[in-house]
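Chain letters run A, B, ... following the sequence lines, proteins first and then strands; every chain starts at 1.
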Amino acid sequence: MTSSNLYTLLQHIPTEHESFTTSVQISPDSQYLATASSDKTIHIFDFKTFTLLKKLIGHKGGVNTLEWSPDSKYIASTSDDQTTKIWEIESQECLRTLTGHTYHVTTAAFSPKCNLIVTGSADEAIRVWEVQTGNSLRTLSAHSEPIAAVDLSWDGSIIASASFDGTIRIFDTETGQCVKTLVYGKVPVSNIKFSPNGKYVLATTFDNTIRLWDYQNNKVLKTLQGGKFSKYRCTAVFIQGLGQYEGMTFVASGSETGDVVIWDLNSKKVMDVLKVSEKPVLSVDEKNGILVALSVDGKLSAFSFK
Amino acid sequence: MNISLLDPFAALKDFPETLTRTISQPNSYSVYVKYNEQGNYLACGLSSGTILLIDNDTKQPIRILSRHTKPIQSLTWSRCGRYLLSSSRDWRVYLWDVITGGNLQGFNFHTPVWTAEFNPVNEKEFIVALFDEMPLLVDSQGAKHIIPTDINNGTAISVLKFHPNGQYIFTGSNKGVLTVIQRVPEDGSLRIVGEVKVSSSAIRNIIISPNGLKIATNSSDRIIRQYNIPSDATLDDPQTWQALEITHKYQDIVNRIQWNSIMFHPTENSEYLIASAYGSSHVIYMWETTTGSMLNILQGPEEELMDLDWNVVKCTICATGVDTGNVYLWSLVIPQRWSALAPDFVEIDENIEYQEQEDEFDFKGDEQEGRESERKRLREEAEIVIDVWTKEKRDARGNPLELGVIVPVDYSLDIAEL
């Protein structure tokens, strides 16, 4: 099981962060790679050469997550300084600072039209912001513990949120109404992601399990086990199989064991385990057959699909 | 994708009934409104000649298109959603690219312009109705072709409309004559194929359903007349137009209301027709187009309503107010389902006398069984084949589910510029 079956190591990428690293994201146009750290900075790498290009400096607290805008020109970063900032990559300038949350901002998601940003915070609220004006459009208060993650469906019409109160909630973006609540046990939910077609959500819970929900019918369709997630928010991604794996769907997630665990979604089997560090891998991302993973102690590795 | 999660009794209605929002921008007076096909953006023509592009999600302006110097007369979107054609009382017609906010082309007609409209199948062409002159078709090279109509002894053409197939043009005159012009497929020349005497007074609007089978005119005699027209094959036959008969007449017999603007429900077969009322009634009338019966009156604003548009994807009707220049929006009001907040709650219509089940508080010692059924469920999971990639093509209302052209955020835009 430990032998590498799907991916081979491409490169270890040196990072220059001075503190814990929290998030890695590839830009949608596959041009850049961005990392965030609790040293309050965001670093931008070239996705082909993996060289460090730019540093975005301005947050007054550690950066928790970052999110590329769908057009790859901007980054939204969430921070312990209670703000979300929108950065322009080309100019490295901070264009908007979204203030309103009353505690650490933990997660953000752009709408597909780039006109809205949804953020979640440890103040237990979800806010929807207008990007153009930087104003808070509405606040969704439906959770009773910190929000761990939010995501938007591909058409932007629904928001999914994961909270440490053990619930997953689905909201209508237009009205802000909660339209669905999903509960499995009462274990904190640490990550949430819509499937690319928006019909399912992938949720990670602190019982070391990832579940794929058919949220329309309140049903768990797949239960993925084999990783360790009981304390940290480890993100997961959907990966489309290539070559001989064409037609298959994989799910890759960071694990507290310091690995990236990759499952075949339909058979639920662990297909590959990639060693990154001794410390938890908090963030993974994948584009065009290249998988990148970042551990909390700053180890950034790129793997390529065989 | 949200619609299937909402209360179907509220979300799947065909038309809105409640005034939910008023858009008013400081120093701006809207005179003309038009949604794009996806219902994402609303183009607002102002009396100053500026066009505002309003994001439907935030109801905030995201582009300011300024070049016209007099009130906007008409706006049309290209079908792809990228281009906007505007005409104004400054005698000019401009073509805009909404992505950049730039002005691509301008045309000066040296005479007042009534209206201009894109060819629905070819956005490189448009038609324009002019004051005291023959209407024109402007092709992709910018060449102007006269649309032949019978202009004599004081007849003027102030309205025109493309058939959805782009092959026919309808013009309406101040003498109440609807002229049908065909673009001859062989050489592209224009010729009259039919003339219909609609009324004895001027035609103010012509509308046509997206499938091309219904056409309606609004005349100064306070009557909206609806005709069924045959499908494409026989449109070039003059017989078709001679035999054209009125299907329905819409009017307010008691108050004899004049109609400011009319609009078909922009779905294929256009089940409804709406009209804004002239004068002090401050309402929009809605009729059913198959039976001709009146269905609803949209109320709310305290002023006369002028221009109308219907966003079919978001199920919203908008109208401009004559006095304030505000834009009023009627949309669906969807009640919060409280059971959505707790998965084990069920909503009931009235109170139920609680009756305890026989085994409700029995001690259940079958934890073993529970674990067994969980294991069975997990085994069954492996057999379900999931496709997480293929997207739905249509939403729960049957409208195409697509993002369409996206207007990028302009971070440097300053609304205070207005």
Positive for side chain to side chain contact (heavy atoms under 4.5 Å, CB included) with A/Leu152, one of A/Thr173, A/Leu116, A/Val128, A/Ile117:
A/Thr173

For residues 5-14 of chain B, dump all side-chain donor-acceptor pairs below 3.5 Å to protein atoms at least two apart in sequence or in another chain.
residue	atom	partner	partner atom	Å
B/Asp7	OD1	B/Phe9	N	3.1
B/Asp14	OD2	B/Tyr272	OH	2.7

Rounded to the nearest 0.5 angstrom, the CD1-CG distance for B/Ile3 and B/Asp395 is 4.0 Å

Best-contacting candidate, B/Ile406, B/Ile386, B/Val409, against chain A by heavy atom pairs under 4.5 angstrom
B/Ile386

When rounded to the nearest 0.5 Å, the distance separating CG of B/Leu104 from CG of B/Asp97 is 5.0 Å

With chain B, which of A/Phe238, A/Trp154, A/Phe194 has the greatest number of heavy-atom pairs at distances under 4.5 Å?
A/Trp154

Pick whichever of A/Cys114, A/Ser69, A/Pro196, A/Pro112 has the most heavy-atom pairs under 4.5 Å with chain B.
A/Pro196

Begin from the C-alpha positions of B/Arg377 and B/Glu374 and carry the test salt bridge (Lys or Arg N to Asp or Glu O under 4.0 Å) through to its verdict.
CA-CA 5 Å; B/Arg377 196 187 65 77; B/Glu374 175 67 9; 3.4 Å; yes

Does any backbone or side-chain atom of A/Val220 lie under 4.5 Å from a heavy atom of chain B? Answer side chain, backbone, both or neither.
both

B/Gln60 versus chain A, the contacting section by heavy-atom distance below 4.5 Å:
side chain

Is the Lys NZ or Arg CZ of B/Lys34 less than 6.0 Å from the centre of B/Tyr41's six-membered ring, within 45° of the axis?
no

Could you name the residues of residues 137-151 of chain A that have a heavy atom within less than 4.5 Å of a heavy atom in chain B?
A/Leu137, A/Ala142

Could you give me the CA-CA distance, side-chain angles and deciding distance for A/Arg169 and A/Thr181, then say whether side-chain hydrogen bond (donor to acceptor under 3.5 Å, both in side chains) is met?
CA-CA 4 Å; A/Arg169 293 199 196 265; A/Thr181 302; 2.9 Å; yes

Checking heavy atoms, do the side chain of A/Tyr74, its backbone, both or neither come under 4.5 Å from chain B?
side chain

Pick one of side chain, backbone, both or neither for B/Ser339, based on which atoms fall under 4.5 Å of a heavy atom in chain A.
neither

A/Leu212, part contacting chain B, at a heavy-atom distance under 4.5 Å:
side chain

Which atoms of A/Ile86 come close to chain B, meaning under 4.5 Å heavy atom to heavy atom: side chain ones, backbone ones, both, or neither?
side chain

Measure from the side-chain N and O atoms of A/Asn197 to the backbone N and O of B/Thr390, and report whether any donor-acceptor pair falls under 3.5 Å.
yes

Members of residues 156-163 of chain A whose heavy atoms come closer than 4.5 Å to chain B
A/Ser157, A/Ile158

Contacting region of B/Asp57 [heavy-atom separation from chain A under 4.5 Å]:
both

Check each atom of A/Ser153 against the heavy atoms of chain B and say whether the ones under 4.5 Å are side chain, backbone, both or neither.
side chain

Begin from the C-alpha positions of A/Lys199 and B/Glu392 and carry the test salt bridge (Lys or Arg N to Asp or Glu O under 4.0 Å) through to its verdict.
CA-CA 9 Å; A/Lys199 288 185 191 168; B/Glu392 294 285 339; 3.2 Å; yes

Do B/Tyr35 and B/Trp310 make a side-chain contact, defined as non-hydrogen atoms from C-beta onward lying under 4.5 Å apart?
no

Relative to chain B, which segment of A/Gln240 carries a heavy atom at a distance below 4.5 Å: side chain, backbone, both, or neither?
both

For A/Lys222, is it the side chain, the backbone, both, or neither that has a heavy atom closer than 4.5 Å to a heavy atom of chain B?
both

Give a yes or no on whether the backbone of A/Ile89 and the side-chain of A/Lys54 come within a donor-acceptor separation of less than 3.5 Å.
yes

Report the distance from atom CD1 of A/Ile210 to atom OG1 of A/Thr204, rounding to the nearest 0.5 Å.
4.0 Å

Kindly indicate whether the side chain of A/Leu224, heavy atoms from C-beta on, has any atom under 4.5 Å from the side chain of A/Val251.
yes

Between A/Gly247, A/Pro70, A/Gly198, A/Cys178, who has the most heavy-atom pairs with chain B when the cutoff is under 4.5 Å?
A/Cys178

Within 45° of the axis and under 6.0 Å from the centre of the six-membered ring of A/Tyr184, does NZ or CZ of A/Arg211 qualify?
yes

Between B/Lys376 and B/Glu372 (salt bridge meaning N to carboxylate O under 4.0 Å), is one present in this structure?
no

Considering residues at least two apart in sequence or located in another chain, which fulfil the salt bridge (Lys or Arg N to Asp or Glu O under 4.0 Å) criterion with A/Asp71?
none

Between B/Arg79 and B/Glu123 (salt bridge meaning N to carboxylate O under 4.0 Å), is one present in this structure?
no

If one checks every heavy atom of A/Tyr200 against chain B at 4.5 Å, the contacting part turns out to be side chain

